[in-house]
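Notes follow the structure.
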Amino acid sequence: MATPMGPSRIPKPLHPFFVGLGGALLMAALFTDFMYSSNSLMQWANFSAWLITGGLILALISAIVLIIDFALGWVGPIRWLDFGLLAAAAVLSIFNVFIHTRDAWTSVVPSGITISAIVTILLAVAGLRGWCVTAIPFAGRGDVA
């Protein structure tokens, strides 16, 4: 009689959680950039700078957690398309946070909001692909998990 397979004992990687949190902050910056461009209240530009900074801090944390995932053997090989999307979004966000340190209107319009839109598109694609930059190992048939 066949025994049903229970849940796999292979631990799930931790980095997608932190990548998703950072991505949400970076995508929210597009909304606050749009709000600033529509009503010129400087606090919206400040929100954008804070969101981008928070997203970059979480990107750094997710990179550290990814290294830990690799060290513990919880992940497979890197999926380079996903890694490239997230790396491009992080590099653009570094430039974007410097643009947001300018004074008044030029801190957001036109270059800040444009970079925020590009970052949002990159992160939306990465989010649809699962926020995970590595292949997740699965227990194969006959493997002990």
Side-chain angles (χ1 to χ4, degrees), residues 5-141 143-145:
M5 287 187 63
S8 175
R9 292 189 184 125
I10 296 176
K12 293 183 180 178
L14 298 174
H15 73 273
F17 174 74
F18 294 102
V19 172
L21 285 177
L25 292 179
L26 293 174
M27 289 190 289
L30 177 63
F31 172 75
T32 55
D33 283 348
F34 172 75
M35 291 303 293
Y36 177 73
S37 69
S38 67
N39 63 22
S40 298
L41 291 173
M42 194 59 194
Q43 193 61 30
W44 287 112
N46 293 337
F47 287 155
S48 293
W50 296 339
L51 287 168
I52 295 167
T53 302
L56 286 171
I57 290 169
L58 283 170
L60 178 63
I61 291 170
S62 64
I64 292 168
V65 172
L66 176 62
I67 292 169
I68 293 169
D69 283 345
F70 268 122
L72 296 176
W74 292 355
V75 293
I78 289 181
R79 297 186 310 192
W80 290 106
L81 175 63
D82 297 326
F83 184 81
L85 288 170
L86 294 172
V91 169
L92 285 172
S93 293
I94 290 171
F95 289 119
N96 202 10
V97 79
F98 287 127
I99 290 170
H100 277 78
T101 61
R102 296 180 189 163
D103 286 337
W105 188 254
T106 59
S107 69
V108 174
V109 179
S111 53
I113 196 167
T114 303
I115 293 177
S116 291
I118 293 168
V119 167
T120 299
I121 292 168
L122 291 172
L123 291 173
V125 171
L128 290 173
R129 295 180 53 83
W131 296 120
C132 190
V133 298
T134 61
I136 300 171
F138 293 102
R141 190 171 210 179
D143 290 342
V144 178

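Computed from a prediction, not measured in an experiment: that's the story for all the values here.
Considering NE2 of H100 and OG1 of T53, their distance stands at 9.5 Å, rounded to 0.5 Å. We find the CD1-CD1 distance between I94 and I115 to be 11.5 Å, quoted to the nearest 0.5 Å. Taken from CD1 in I113 to CZ in F31, the straight-line distance is 11.0 Å, to the nearest 0.5 Å. The structure places CD1 of I99 at 10.5 Å from OG of S93, a figure rounded to the nearest 0.5 Å. Rounding to the nearest 0.5 angstrom, the gap separating the OG1 atom in T114 from the CG atom in L92 is 11.5 Å.
Remark: N39 CG is packed, more than 12 non-hydrogen atoms of other residues, nucleotides or ligands lying under 6.0 Å away.
Residues R79 and R129 come closest through the heavy atom pair NH2-O, 3.6 Å. A pairwise comparison of heavy atoms in L56 and A90 identifies CD2-O, 3.7 Å as the closest pair. Contact between K12 and W74 at its shortest, heavy atoms only, is O-CE3, 3.8 Å. The two residues R102 and S107 have their closest heavy-atom pair at O-CB, 3.3 Å. Across H15 and V133, no two heavy atoms sit closer than the pair NE2-N, 3.3 Å. Minimum interatomic distance between F70 and V75 (heavy atoms only, all atoms of both residues): CD2-CG2, 3.6 Å.
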**Message:** Is there a side-chain contact (heavy atoms from CB on, under 4.5 Å) between L123 and L86? Walk through the geometry before answering.
**Reply:** CA-CA 7 Å; L123 291 173; L86 294 172; 3.6 Å; yes
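Taking the six-membered ring where the residue is Trp, W105 and Y36 present tilted rings, their angle falling between 30° and 60°.
A distance-only check finds a donor-acceptor pair linking the side chain of S48 to the backbone of D33 [under 3.5 Å].
Among V119, N96, L122, the single residue meeting the side chain to side chain contact (heavy atoms under 4.5 Å, CB included) criterion with L26 is V119. A side chain to side chain contact (heavy atoms under 4.5 Å, CB included) with D69 is found for exactly one of S62, C132, P13, namely P13.
Counting heavy atoms from C-beta on, the side chains of L51 and T32 come closer than 4.5 Å. Here the side chains of L25 and L21 are not in contact, with every heavy-atom distance at 4.5 Å or above. The shortest side-chain heavy-atom distance between F18 and L66 does not fall under the 4.5 Å cut-off. Using a 4.5 Å heavy-atom cutoff, the side chains of L58 and I61 are in contact.
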